[in-house]
Amino acid sequence: MNDDSPSRQVTRLPPEAEIWKRKIAGVLAEMMNAAGIDGTVDAALVVAEIPPDPAMGDLGFPMFGYAKLLRKGPPQIAQAAAALLRAEDGKDAADGADVRAPGCAALGPYVNVRLDRARAVRSLFATADVAGGPASGGPLSGRKIMVEFSSPNTNKPLHLGHLRNDVLGESVSRILAASGAEVRKVCIINDRGIHICKSMLAFLEHGGEKTPESEHVKSDHFVGDFYVLFNSMDKAEKKREGEMSEAEKRARELLRKWESGDPATTALWKKMNGWAVDGMKETWERTGISFDQFYYESQTYLLGKEEVLKGLERGIFRKEEDGAVTVDLGDEKLDTKVLLRSDGTSIYITQDIGTAIFRHRDWPFDRLVFVVGSEQQYHFKVLFAVLRRLGFDWARSLYHLSYGMVNLPEGKMKSREGVVVDADDLLDSLRDMALLEIQEKEREEAVGDPAGTAEKIALGALHYYLLQASPLKDMLFNPKESLSFNGNTGPYLQYMGARISSMLKKAAGSAAEKGKVKPELLAGDAEWDLVKTVTGYEGAVNAAAAAMDPSVLTAYLYELSRSFSRFYHDCPILNAPDADLAASRLALSREVLRVLKDALYLVCIPFLDVM
């Protein structure tokens, strides 16, 4: 497993921390006033921590930063602040919350606070009917965010690298929406360019009357086979290293014919692109990936070309001796970049210029996020700089969400030679491995639909593995490890959901359902640890949204599952000695399940109520 996977213990402040930061700021200001010092303390700058030992309390506030201001030692400041807090005794109507400090005390240079456990549990249960994270009340409310991801070429099927891109884009979109944003998921289909014409040329010269149906091949794989064939043609026809082969020249001629609207070339292009996109849509549907809108480069590249020519007229760009149009970005510590080839044809960045402009006209966004591999960092620096020079103010709201490569034990993936981990084949392999696990455990009858369950386990394994590392990290994908039902894996989280679901089914008619839920009974350390973890969900969603990093949420899910496992082990639920205690622990378990379901959705992991 990647060494940077978030199996680490996650430190997350409880929701009450913000209220206590305001209280601490208030008493510090009071101490300043008493000392004749003008000014206030910004609550946002008050540092809150989790004490290293739970016995010290639930929150700790270091006083080091106020020693110079108050001309006292941090321990003395902590003593005075704790005394003022105890004197207030929770009179906080202005904060909209009745927060008391039953355990407020100074410990060295820290003010430590022990939260009221019963009050925290009551607050948690009071929000039991609210699901979906922060949603409309989140910090991104009112923001329009467009997320572009997948961006496949129509010359080959989706592969493992696309799977990381797809699940990252889908998960980030769901997380942003859960944090209150209005999100529009878009996909640019790279359906034109020299790479498309290479597969077209191979089919034109060797395809004959073949179709995906006649060859019994999935349609995007059928197109991809001809892209691999072109590479063989290119090698066979290349006379000298570094010299353009005759096959390459014919492919470039095909591109010029397409751009000039040649009917036969256009018809072939439409047919092959249709095959490719239809096959990709099958894979997206299988993996739970969806888009609000598709854009096609063939519809936007001319706009990019027009804008480049306008920029040339305005003196923003320049024409070289060979006729190519370039931009000098030396003042931004970037190189000179070609925007139009010497023969007048567009290149990738030309198309991206047009697509970005088209999108903003179509749906004026507050932010546009490009989910694209880290190897394209320079490309996006140039693109954003060019759009700014063209005078588009919204270009400052563009963001490249860069992610690392996905490698295999055999090395880096390739596509031109056909040495690649195909998405469909990988999913089939994971599903078959999960199905074998079900069969070996003789769980076919219990799960009801072994094949369907195996498919969901495969998706859970894959998506969790791809999201658990921060996006920028390169990763080595290990299929067998990803399917483990123990440890930091997707199937482990799915199993935890199935375990809780099974327990809730068993609770029907039991003493637990006859008891009364009493928050004050959930006072044990294992129960309190679980309560704090559950109430940290909103903060985890907002943190993941702010960083656009689903690994924040996968780490939270693992932490939640481990916390519930400890609670389940230490605190009998259905067999609790008291009916009210059983009912209270069962209510807490339902809250865990609610959050677990919601969080699994945000990281694209199918929920299973039986495994």
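Just so you know, these numbers come straight off a predicted model, no measurement behind them.
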Looking only at atom types and distance, does a side-chain atom of K144 sit under 3.5 Å from a main-chain N or O of P364, one as donor and one as acceptor? yes

Side-chain donor-acceptor pair present, Y464, N488, cut-off under 3.5 Å: yes

Smallest separation among heavy atoms of D335 and Y378, with atom names: N-OH, 2.8 Å

Taken in chain and number order and not counting sequence neighbours, the residues that satisfy side chain to side chain contact (heavy atoms under 4.5 Å, CB included) with D292 are R184, K185

Side chain proximity check, V541 to Y537, heavy atoms < 4.5 angstrom: yes

Side chain to side chain contact (heavy atoms under 4.5 Å, CB included) partner of F365, the single match among I145, L398, V183, V186: L398

Supply the atom-to-atom distance W20 CH2 to C104 SG, rounded to the nearest 0.5 angstrom. 5.0 Å

CG/D42: more than 12 non-hydrogen atoms of other groups inside 6.0 Å: yes

For Y568, is the OH atom crowded, meaning more than 12 foreign heavy atoms sit under 6.0 Å from it? no

Restricting to side chain to side chain contact (heavy atoms under 4.5 Å, CB included), what partner residues turn up for A356, sequence neighbours left out? L387, W394

Which donor-acceptor pairs under 3.5 Å do the side chains of residues 66-82 make with protein atoms, sequence neighbours left out?
| residue | atom | partner | partner atom | Å |
| --- | --- | --- | --- | --- |
| Q76 | OE1 | G73 | N | 3.4 |

Just how far is it from atom CD1 of I175 to atom CG of N542, taken to the nearest 0.5 Å? 10.5 Å

Contact check, side chains of Q376 and F370, non-hydrogen atoms, under 4.5 Å: no

When rounded to the nearest 0.5 Å, the distance separating OG of S402 from CG of L472 is 5.0 Å

When you check the gap from the basic side-chain N to the acidic O, do R594 and E591 get nearer than 4.0 Å? yes

Can you tell me if S141 uses its side chain to pair, donor with acceptor, with the backbone of G138 under 3.5 Å? yes

Got a second to check how far I19's CD1 is from I24's CD1, nearest 0.5 Å? 13.0 Å

Report yes if the side chains of E182 and D366 come closer than 4.5 Å at any heavy-atom pair, otherwise no. no

Exercise: identify the closest heavy-atom pair between P471 and M548: CG-O, 4.2 Å

Side chain to side chain donor-acceptor pair (under 3.5 Å) involving R174 - partner list, sequence neighbours excluded: E170

Do P54 and W528 have side chains that get closer than 4.5 Å, going by heavy atoms? no

For Y495, what residues pass the ring pair (Phe, Tyr, Trp, His ring centres under 6.0 Å) criterion, not counting sequence neighbours? none

Tell me, do F485 and Q494 make a side-chain contact under 4.5 Å, heavy atoms counted? no

In short, V406 meets F477 closest at the heavy-atom pair CG1-CB, 4.0 Å

For the student: nearest non-hydrogen atoms of S470 and S551, plus distance: CA-OG, 3.7 Å

Taking side chain to side chain contact (heavy atoms under 4.5 Å, CB included) as the criterion, tell me which of L462, L608, L430, I605 meets it with I457. L608

Does V172 reach the side chain of P550, with side-chain heavy atoms less than 4.5 Å apart? yes

Taking H463 for its side chain and C604 for its backbone only, find out whether a donor-acceptor pair lies under 3.5 Å. yes

Keeping the roles fixed (side chain from D58, backbone from L115), state whether a donor-acceptor pair exists under 3.5 Å. yes

Determine, stepwise, if the pair L493 / V603 fulfils side-chain contact (heavy atoms from CB on, under 4.5 Å). CA-CA 11 Å; L493 302 180; V603 293; 6.0 Å; no

SG of C571 to CG of L588: how many Å apart, nearest 0.5 Å? 9.0 Å

So, does Y556 use its side chain to make a donor-acceptor pair with the main chain of T533 at under 3.5 Å? yes

I want to check something: taking the side chain as every heavy atom from C-beta on, are Y110 and M56 in contact at a cut-off of under 4.5 Å? no

Would a 4.5 Å heavy-atom cut-off, applied to side chains only, mark L467 and V167 as touching? yes

Side chain to side chain donor-acceptor pair (under 3.5 Å) against D525, all qualifying residues, sequence neighbours excluded: R117

When you look at E559 and R562, which way does the salt bridge (Lys or Arg N to Asp or Glu O under 4.0 Å) test go after all the steps? CA-CA 5 Å; E559 179 188 2; R562 289 198 303 173; over 6 Å; no

Hey, mind stepping through M63 and L28 against side-chain contact (heavy atoms from CB on, under 4.5 Å) and telling me if it holds? CA-CA 10 Å; M63 296 292 106; L28 287 171; 4.1 Å; yes

Closest non-hydrogen atoms of S482 and A461, given as atom of the first, atom of the second and distance, are O-CB, 3.2 Å

The test is side-chain contact (heavy atoms from CB on, under 4.5 Å); show your working for L557 and L600 and say whether it passes. CA-CA 8 Å; L557 272 164; L600 286 174; 4.1 Å; yes

Is the NZ atom of K532 crowded by more than 12 outside heavy atoms at less than 6.0 Å? yes

When you measure from the side chain of H400 to the backbone of K381, do you find a donor-acceptor pair of N or O atoms at a distance under 3.5 Å? no

Inspect the surroundings of CG in D53 and state if more than 12 heavy atoms from other residues, nucleotides or ligands are less than 6.0 Å away. yes

Could you list all the salt bridge (charged side-chain N to carboxylate O under 4.0 Å, His left out) pairs where at least one residue sits in residues 385-402, not counting sequence neighbours? D331-R389, E332-R388, E332-R389

N165: what forms a side chain to side chain donor-acceptor pair (under 3.5 Å) with it, not counting sequence neighbours? Y403

CG of L504 to CZ of R499, rounded to nearest 0.5 Å, is 12.5 Å

Please collect all side chain to side chain donor-acceptor pair (under 3.5 Å) contacts where either partner lies in residues 578-589, sequence neighbours excluded, each pair once. K518-D580, E527-R585

For S561, is there any backbone N or O sitting under 3.5 Å from a side-chain donor or acceptor partner on S565? no

Please report the closest heavy-atom contact between L59 and P14, naming both atoms and the distance. CD2-CD, 3.7 Å

Residues at least two apart in sequence or cross-chain that pass side chain to side chain donor-acceptor pair (under 3.5 Å) with S151, listed by chain then number, are E148

I would like to know whether L560 and M496 meet side-chain contact (heavy atoms from CB on, under 4.5 Å); could you show each step before the answer? CA-CA 10 Å; L560 177 65; M496 197 58 62; over 6 Å; no

Taking side chain to side chain contact (heavy atoms under 4.5 Å, CB included) as the definition, give me every residue that meets it alongside S502, ordered by chain and number, with sequence neighbours left out. K506

Could I get the full list of side chain to side chain contact (heavy atoms under 4.5 Å, CB included) partners for A25, not counting sequence neighbours? V41, A43, V46

